[in-house]
Visitor: 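One structure coming up, written as structure tokens, with questions to follow.
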Amino acid sequence: MNISDISYKINYRVDGKKFACNSDKTEHFKLNVLQENQVIKLYLETNMPVSFDKFEMRVPYKYKSDSRIFVNGYQSWTDSMEYEPTGKMSEFTRLMEFLVKYTPMKRIGLPKSGDTLFWNYPRKRGVFYGWSYGYVRHGNNVEIFGSLDERCGYTVVTFDANNNEVIISKELEGVIYDGKSKMLELATICGEYDWAFDEYFQKMGIKACETKRRCGYTSWYNYYNRINEEIINRDLDSIANQDSKFDCFQIDDGYQESIGDWLTTDKNKFPNGMKVVADSIHSKGLLAGLWLAPFAAVKKSKLFTEHPDWFIKDKKGRPYNTGANWGGFYSLDIYNEGARNYLKHVFDVVLNEWGYDLVKLDFLYGACVLPMHNKTRGEIMCDAMDLIRECCGDKLILGCGAPMMPAFGKVDYCRIGADVELSWKNIKNKTREDVSTPHTICNTIFRRHLDGRAWRNDPDVFMLRDNNMYMPFEQRKLVAKINSTFGSLLFISDDVSRYNEEQKAALKETFAQKDIKIISAEFVQKDIMKAVFEEDGKPVELKFNVRNGEIIR
């Protein structure tokens, strides 16, 4: 990318008046562009208040018939995959887009986990967009277009194969600029797949992740929030008697009285409290993990009823619904001093008094659903992840429902795909962040470059049990194989005391530490995925239909 090739498309406002330009200099502002060592830096200078409705930098790019284009979804759960230049983004149907934008679904918060309400989904072939970074691949070589800093606003990378362009946009809603501001820091890196991503993270200043691969248990995908002390102790005892090596035992949603009241334990479910449970987990030689959605609270919670002023508000000063789960929830304003002190207290109790070693932190996107305090969504999310790391110190963090780049280097593990289903259904009319086995499989494969660089990848759980499952055992083993090949946090949600010998052997095989070298992983035809890799020096090939889980021999 050369500075001389750059063009602009900018819509902006001054004193409420709308303007448009295709230049880096107007009567109201100018852009200073610097290029050095594959990095372009863009700075804004203005002597009057300016806000932007559209901010695009366009560069010519020649796509080829064998190009493969990867676009990164907005957050952990958003579908992320490679496309052919003649392909089309079609995971978000017109029907679902209408429902979440123009019906009561919008009011209950269904679309707020993604970018639906503040970015347009393309509806034509040859146009693909993603957040923070993306690449064009030819064989095993990639050209990465990646932001180095989202604190100055989220970066959207759009690959337009119809017009042979790459469009770099900034999401700048709700911010007024006056004076000098950094607008963009973008790297363009060409090279072999792994080398290019090593170089990209080096330019971001993020060191290789030292956190190790771990295997464990989480309660969610068998019992969901219907857990109690008896179930937890039973599954804990059964795990301790297995030959397979477990490192961690994590308790998920259902222990607390209400979403938001994390320190108020449901005494009917856990009469002895959560410290006793952590002590029991430690007695088995395992790390103790606990789930929280730290920014979230429901209206009936003590936190919300006593401190409604701590929460994000809309332009009219009313609490703003930030998601549809639990009948609708609200999120803390991380810049409110009371909210920040509350979060610090919660983590102090959970990590230091109760003694948990790992926290799974979910629905993190809620912190930045609205731009506020003259800050972009990107800056807010970066500040939110800084706060989380500060609160947790050197304890282990598993991020989830998190916009990707603000969490780079801030968490030890991170979910990189949607929640897996108990079946391998392909239901089209869903949001891009909804539960989906096909989506999480694709994300596990195509976001593999984040593993060991941004954090250790959590591909979500695999299940080998027979009860409460709706996919054949061969498909369950396929999910386990994909997770162990492309991921580094391998969790089950099974009562392993009910395993037969075949299930025990499959668990041991999945958990076994192996030397994996990925050769290639791509769609070889519509819906057909082929992954080629070496496992302890031996060649392995997986070929299967992503949509229905059919294994192709």
Side-chain angles (χ1 to χ4, degrees), residues 69-83 89-93 96-97 100-101 106 109-123 127-135 145-147 149-159 167-174 293 295-296 322-325 331 361-371 375-385 399-408 410-411 414-419 430-436 439-440 442-444 446-447 449-450 454-455 457-458 460:
I69 299 164
F70 170 81
V71 287
N72 178 55
Y74 175 66
Q75 56 115 317
S76 298
W77 310 327
T78 314
D79 58 274
S80 305
M81 64 188 81
E82 289 185 354
Y83 297 89
M89 296 184 75
S90 59
E91 297 299 309
F92 191 41
T93 65
M96 181 51 66
E97 184 173 25
V100 300
K101 280 187 173 182
K106 178 179 178 179
L110 189 62
K112 294 175 184 174
S113 61
D115 60 20
T116 303
L117 298 182
F118 59 92
W119 208 261
N120 291 324
Y121 193 74
R123 291 292 175 191
V127 180
F128 317 92
Y129 85 104
W131 294 84
S132 303
Y133 73 100
Y135 65 71
F145 297 82
S147 169
D149 183 8
E150 297 292 70
R151 202 173 291 275
C152 50
Y154 282 129
T155 306
V156 181
V157 183
T158 301
F159 299 95
I167 304 167
I168 309 299
S169 309
K170 296 298 292 187
E171 197 281 303
L172 305 174
E173 181 186 345
F295 303 132
T322 53
N325 298 72
S331 293
L361 305 182
D362 211 346
F363 295 87
L364 295 178
Y365 70 84
C368 71
V369 288
L370 278 184
K375 297 177 186 292
T376 65
R377 291 179 173 90
E379 182 177 3
I380 294 167
M381 200 65 229
C382 289
D383 288 346
M385 295 312 303
C400 192
M404 294 277 95
M405 191 170 167
F408 285 180
K410 302 293 174 61
V411 299
C414 196
R415 274 280 297 282
I416 42 78
D419 281 20
K430 291 185 170 187
T431 64
R432 296 180 67 193
E433 289 73 34
D434 211 341
V435 178
S436 170
H439 282 182
T440 200
C442 283
N443 283 32
T444 298
F446 288 119
R447 278 179 169 167
H449 47 258
L450 300 178
W455 47 56
N457 279 3
D458 170 17
D460 207 16

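In what follows, residues are counted from 1 in the order of the sequence shown. Being a predicted model, the structure only gives us computed values, none of them experimental.
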Visitor: Check whether any side-chain heavy atom of Phe145 lies under 4.5 Å from a side-chain heavy atom of Tyr133, and answer yes or no.
Guide: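 No, too far: nothing below the 4.5 Å cut-off.
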Visitor: The criterion is ring-ring contact (aromatic ring centres under 6.0 Å, His included); which residues satisfy it with Phe363, sequence neighbours excluded?
Guide: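 ring-ring contact (aromatic ring centres under 6.0 Å, His included) check on Phe363 returns Trp77, Trp326, Phe329.
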Visitor: Please give me the minimum heavy-atom distance between Ala367 and Ala384, naming the atom from each residue.
Guide: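 The pair with the smallest heavy-atom distance is CB-CB, 3.8 Å.
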Visitor: Are side-chain heavy atoms of Met89 and Val71 found at a separation under 4.5 Å?
Guide: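 Yes, close enough: below the 4.5 Å cut-off.
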Visitor: Output all residues satisfying side chain to side chain donor-acceptor pair (under 3.5 Å) with Tyr121, sequence neighbours left out; order by chain, then residue number.
Guide: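 Testing Tyr121 for side chain to side chain donor-acceptor pair (under 3.5 Å), a comparison that skips the adjacent residues, returns none.
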Visitor: Do Ser132 and Met404 touch side chain to side chain, with heavy atoms closer than 4.5 Å?
Guide: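 Counting from C-beta outward, Ser132 and Met404 never come under 4.5 Å.
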Visitor: Which heavy atom of Gly73 sits nearest a heavy atom of Arg447, and at what distance?
Guide: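 Closest heavy-atom pair between Gly73 and Arg447: O-NH2, 3.1 Å.
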Visitor: If you measure from CG on Asp115 to CD on Glu433, what distance do you get to the nearest 0.5 Å?
Guide: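 Result: 7.0 Å between the selected atoms.
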Visitor: Side chains of Thr116 and Phe92: does their closest heavy-atom pair fall under 4.5 Å?
Guide: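 Yes. Closest side-chain heavy atoms under 4.5 Å.
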Visitor: Kindly indicate, with the supporting measurements, whether the criterion side-chain contact (heavy atoms from CB on, under 4.5 Å) is fulfilled by Lys170 and Thr155.
Guide: CA-CA 5 Å; Lys170 296 298 292 187; Thr155 306; 2.9 Å; yes
Visitor: Can you name the nearest heavy-atom pair linking Gly134 to Phe159, along with the distance?
Guide: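 Shortest heavy-atom separation between Gly134 and Phe159 comes out as C-CZ, 3.7 Å.
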Visitor: Set out, in order, the CA-CA distance, both residues' side-chain angles and the distance that settles side-chain contact (heavy atoms from CB on, under 4.5 Å) for Val369 and Phe295, then state yes or no.
Guide: CA-CA 12 Å; Val369 288; Phe295 303 132; over 6 Å; no
Visitor: Mind listing the closest non-hydrogen atom pair of Gly323 and Lys112 along with its distance?
Guide: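 Closest heavy-atom pair between Gly323 and Lys112: N-CD, 4.5 Å.
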Visitor: Which residues satisfy the side chain to side chain contact (heavy atoms under 4.5 Å, CB included) test with Ser90, sequence neighbours excluded?
Guide: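 Listed in chain order: nothing, the list is empty.
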Visitor: Of all residues at least two apart in sequence or in a different chain, which pass the side chain to side chain donor-acceptor pair (under 3.5 Å) check with Thr444?
Guide: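 By the side chain to side chain donor-acceptor pair (under 3.5 Å) rule, Thr444 matches no residue at all.
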Visitor: Which heavy atom of Pro403 sits nearest a heavy atom of Cys368, and at what distance?
Guide: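 Here Pro403 and Cys368 meet closest at CG-SG, 4.3 Å.
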Visitor: Name all residues meeting the side chain to side chain contact (heavy atoms under 4.5 Å, CB included) criterion together with Asp434; count only those two or more places apart in sequence or in a different chain, and write none if there are none.
Guide: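 Here the qualifying residues are Lys430, Thr431.
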Visitor: Please report the interatomic distance CH2(Trp119) to OG(Ser169), rounded to the nearest 0.5 Å.
Guide: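 Trp119 CH2 to Ser169 OG: 4.5 Å, rounded to 0.5 Å.
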Visitor: Can you find a heavy atom in the side chain of Glu82 that is under 4.5 Å from one in the side chain of Ile69?
Guide: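 Of all side-chain heavy-atom pairs linking Ile69 with Glu82, none is under 4.5 Å.
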Visitor: How would you list, by chain and number, every residue that makes a salt bridge (charged side-chain N to carboxylate O under 4.0 Å, His left out) with Asp79, sequence neighbours excluded?
Guide: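 If we apply the salt bridge (charged side-chain N to carboxylate O under 4.0 Å, His left out) test to Asp79, skipping adjacent residues, the hits are Arg432.
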Visitor: Verify, without hydrogens or angle tests, whether Asn72 (side chain) and Trp131 (backbone) share a donor-acceptor contact under 3.5 angstrom.
Guide: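 Yes, because the side chain of Asn72 sits within donor-acceptor range (under 3.5 Å) of the backbone of Trp131.
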Visitor: List in chain and number order the residues that pass side chain to side chain contact (heavy atoms under 4.5 Å, CB included) with Cys382, two or more places apart in sequence or in another chain; answer none if no residue qualifies.
Guide: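 Once residues adjacent in sequence are excluded, the partners of Cys382 under the side chain to side chain contact (heavy atoms under 4.5 Å, CB included) criterion are Glu150, Arg151, Pro406.
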Visitor: Can you name the closest pair of heavy atoms from Asp460 and Asp419 and give their distance?
Guide: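 Result for this residue pair: OD2-CA, 3.3 Å.
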Visitor: So does Ser113 get a backbone contact from the side chain of Gln75, meaning a donor-acceptor N/O pair under 3.5 Å?
Guide: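 Yes; judged by distance alone, with no hydrogens or angles, the pair exists.
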Visitor: Does a side-chain heavy-atom distance below 4.5 Å link Val100 with Lys106?
Guide: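 No. Closest side-chain heavy atoms not under 4.5 Å.
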Visitor: The criterion is side chain to side chain donor-acceptor pair (under 3.5 Å); which residues satisfy it with Tyr154, sequence neighbours excluded?
Guide: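 So Tyr154 forms no side chain to side chain donor-acceptor pair (under 3.5 Å) with any residue.
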Visitor: When you compare the side chain of Thr78 with that of Tyr365, does any pair of heavy atoms fall below 4.5 Å?
Guide: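 No, every pair of side-chain atoms sits at 4.5 Å or beyond.
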Visitor: Applying side-chain contact (heavy atoms from CB on, under 4.5 Å), run through Tyr129 and Ile167 and close with a yes or a no.
Guide: CA-CA 9 Å; Tyr129 85 104; Ile167 304 167; over 6 Å; no
Visitor: Among all residues two or more places apart in sequence or in another chain, which pass the side chain to side chain contact (heavy atoms under 4.5 Å, CB included) test with Asp458?
Guide: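 Result, side chain to side chain contact (heavy atoms under 4.5 Å, CB included) vs Asp458: Leu398, Arg415, Leu489.
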Visitor: Among all residues two or more places apart in sequence or in another chain, which pass the salt bridge (charged side-chain N to carboxylate O under 4.0 Å, His left out) test with Lys375?
Guide: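 Here the qualifying residues are Glu379.
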Visitor: Do Val157 and Tyr135 come close enough that some side-chain heavy atom pair is under 4.5 Å?
Guide: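 No, too far: nothing below the 4.5 Å cut-off.
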Visitor: Which residues pass the side chain to side chain donor-acceptor pair (under 3.5 Å) test with Glu171, sequence neighbours left out?
Guide: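 Only Arg377 meet the side chain to side chain donor-acceptor pair (under 3.5 Å) criterion with Glu171.
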Visitor: With sequence neighbours excluded, what pairs up with Tyr83 under the ring-ring contact (aromatic ring centres under 6.0 Å, His included) test?
Guide: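 Here the qualifying residues are Phe128.
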